[in-house]
Amino acid sequence: MALSLCLQVLCSLGGWLSLYTSFCRLNKHRSYEWSCRLVTFTHGILSIGLSAYIGFIDGPWPFTHPGSPNTPLQVHILCLTLGYFIFDLGWCIYFQSEGALMLAHHTLSILGIIMALALGESGTEVNAVLFGSEITNPLLQMRWFLRETGHYHSFTGDVVDFLFVALFTGVRIGVGAHLLFCEMVSPTPKWFVKVGGIAMYAVSWCFMVSIWRFAWKKSVKKYHAWRNRRNEERQLRHNGHLKTH
């Protein structure tokens, strides 16, 4: 069983490395980070779809059955994701592109998945955490691509930022709190699995504080820009120099 899991993880790691190499060759005029973020975007879309299918259709329901034995499909998804996180953590360390908080998030994710695979249980809630963690990832990557291509300061950029903040707050913080509560009150999960859940939720709150600060600053900046435009329009109307097209 352990050999089978290791082979699945190695195949996953090889697959993500191959995809990254292919993106690098296809985007020679772009940076390495561009290709890495394409891999991240691909993993985000894939993991959202697969984890949603497991949580909402295949089951079991994570809010009522935490600590239940892993299903074969859960094992496959966890191995696929573990290979990705190993790839991304290695990339981040090599290029020194992320801070301590993101590295801590990746490390906790890797340890959590390994723990679920080694125990043969709790894949249900780990899969739910994966869904909640990745649901905002494509939006985060879209924001970066908009910045790189000079299209961030637009209506599209505002929509992406709004959806990112709303989903992060509602899913990772709101729904995440309910999932953590169900995990803590259930007698089934191991105590160290519960500790891991607390640690992951604490990391989400650290991200949340930074995101709220960003959202507040952007909102204030937008408000001041709107007021300045209104004042200029009033002055032009008052002086009779407002041009109409």
Side-chain angles (χ1 to χ4, degrees), residues 1-25 32-33 35-55 57-60 62 66-98 101-138 140-141 179 183 189-190 192-197 199-200 203-204:
M1 183 62 180
L3 179 59
S4 174
L5 293 175
C6 290
L7 288 175
Q8 289 188 63
V9 174
L10 288 174
C11 288
S12 172
L13 176 59
W16 295 116
L17 283 170
S18 298
L19 184 62
Y20 172 68
T21 303
S22 299
F23 282 142
C24 287
R25 291 176 178 175
Y32 290 125
E33 186 172 2
S35 298
C36 183
R37 286 185 179 270
L38 283 176
V39 174
T40 301
F41 181 83
T42 303
H43 172 263
I45 295 296
L46 186 62
S47 61
I48 290 170
L50 293 173
S51 59
Y53 175 81
I54 290 174
I57 299 176
D58 192 63
S68 56
N70 299 341
T71 66
L73 184 56
Q74 288 174 354
V75 171
H76 294 324
I77 302 307
L78 292 179
C79 288
L80 178 69
T81 300
L82 180 57
Y84 162 76
F85 275 120
I86 293 173
F87 156 77
D88 200 48
L89 179 62
W91 193 95
C92 291
I93 293 174
Y94 182 80
F95 287 96
Q96 299 181 352
S97 61
E98 299 291 348
L101 188 59
M102 183 60 73
L103 295 179
H105 172 267
H106 277 37
T107 302
L108 285 173
S109 299
I110 290 172
L111 292 176
I113 294 173
I114 292 176
M115 180 174 58
L117 291 173
L119 291 173
E121 61 185 46
S122 291
T124 302
E125 58 265 40
V126 172
N127 175 80
V129 172
L130 173 63
F131 173 79
S133 299
E134 292 298 317
I135 196 170
T136 55
N137 199 301
L140 185 63
Q141 307 315 316
L179 178 64
E183 180 83 6
K190 302 288 192 300
F192 46 85
V193 176
K194 297 181 179 183
V195 171
M200 282 295 292
V203 169
S204 292

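The environment of Tyr94 atom OH is sparse: at most 12 non-hydrogen atoms of other residues, nucleotides or ligands sit within 6.0 angstrom.
For Ser47 and Thr81, the side-chain atoms include no donor-acceptor pair closer than 3.5 Å.
The shortest heavy-atom contact between Leu5 and Cys79 is CD2-SG, 3.9 Å. Minimum interatomic distance between Ser68 and Pro60 (heavy atoms only, all atoms of both residues): OG-CG, 3.5 Å. For the pair Glu183 and Pro189, the tightest heavy-atom approach, listed with the atom from each and the gap, is OE2-CB, 3.3 Å. Between Glu98 and Arg37 the shortest heavy-atom distance is OE2-NH2, 4.2 Å. Closest non-hydrogen pair, Glu125 versus Pro62, comes out as CA-CB, 4.3 Å. Here the shortest heavy-atom pairing between Leu80 and Trp16 reads O-NE1, 3.2 Å.
Taken from CD1 in Ile48 to NE2 in His43, the straight-line distance is 9.5 Å, to the nearest 0.5 Å. Atom CG of Leu119 sits about 8.5 Å away from atom CG of Asn70, to the nearest 0.5 Å. If you take CD on Gln74 and CG on Asp58, they are separated by 7.5 Å, rounding to the nearest 0.5 Å. The CG atom of Leu179 sits 12.0 Å away from the CZ atom of Phe131 when rounded to the nearest 0.5 Å. Between the CD1 atom in Ile113 and the CD1 atom in Ile86 there is a gap of 8.5 Å [rounded to 0.5 Å]. To the nearest 0.5 angstrom, Ile114 atom CD1 is 11.0 Å from Leu78 atom CG.
The ring-ring contact (aromatic ring centres under 6.0 Å, His included) with His106 is formed by just one residue from the set Phe87, Trp91, Phe85; it is Phe85.
Within the 4.5 Å cutoff, the side chain of Phe41 has no heavy atoms near those of the Asn137 side chain. Residues Ser12 and Leu82 fail the side-chain proximity criterion, which asks for heavy atoms closer than 4.5 Å. In this structure, the side chains of Leu89 and Ile93 come closer than 4.5 Å at one or more pairs of heavy atoms. The closest side-chain heavy-atom distance from Met115 to Val126 is not below 4.5 Å.
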- Just do the side-chain contact (heavy atoms from CB on, under 4.5 Å) check on Leu46 and Tyr84 with the steps written out, would you? CA-CA 11 Å; Leu46 186 62; Tyr84 162 76; over 6 Å; no
Stepwise side-chain contact (heavy atoms from CB on, under 4.5 Å) test for Thr40 and Leu140: CA-CA 10 Å; Thr40 301; Leu140 185 63; over 6 Å; no
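By the side-chain contact (heavy atoms from CB on, under 4.5 Å) test, Cys24 pairs with Tyr20, Tyr32, Ser35, sequence neighbours left out.
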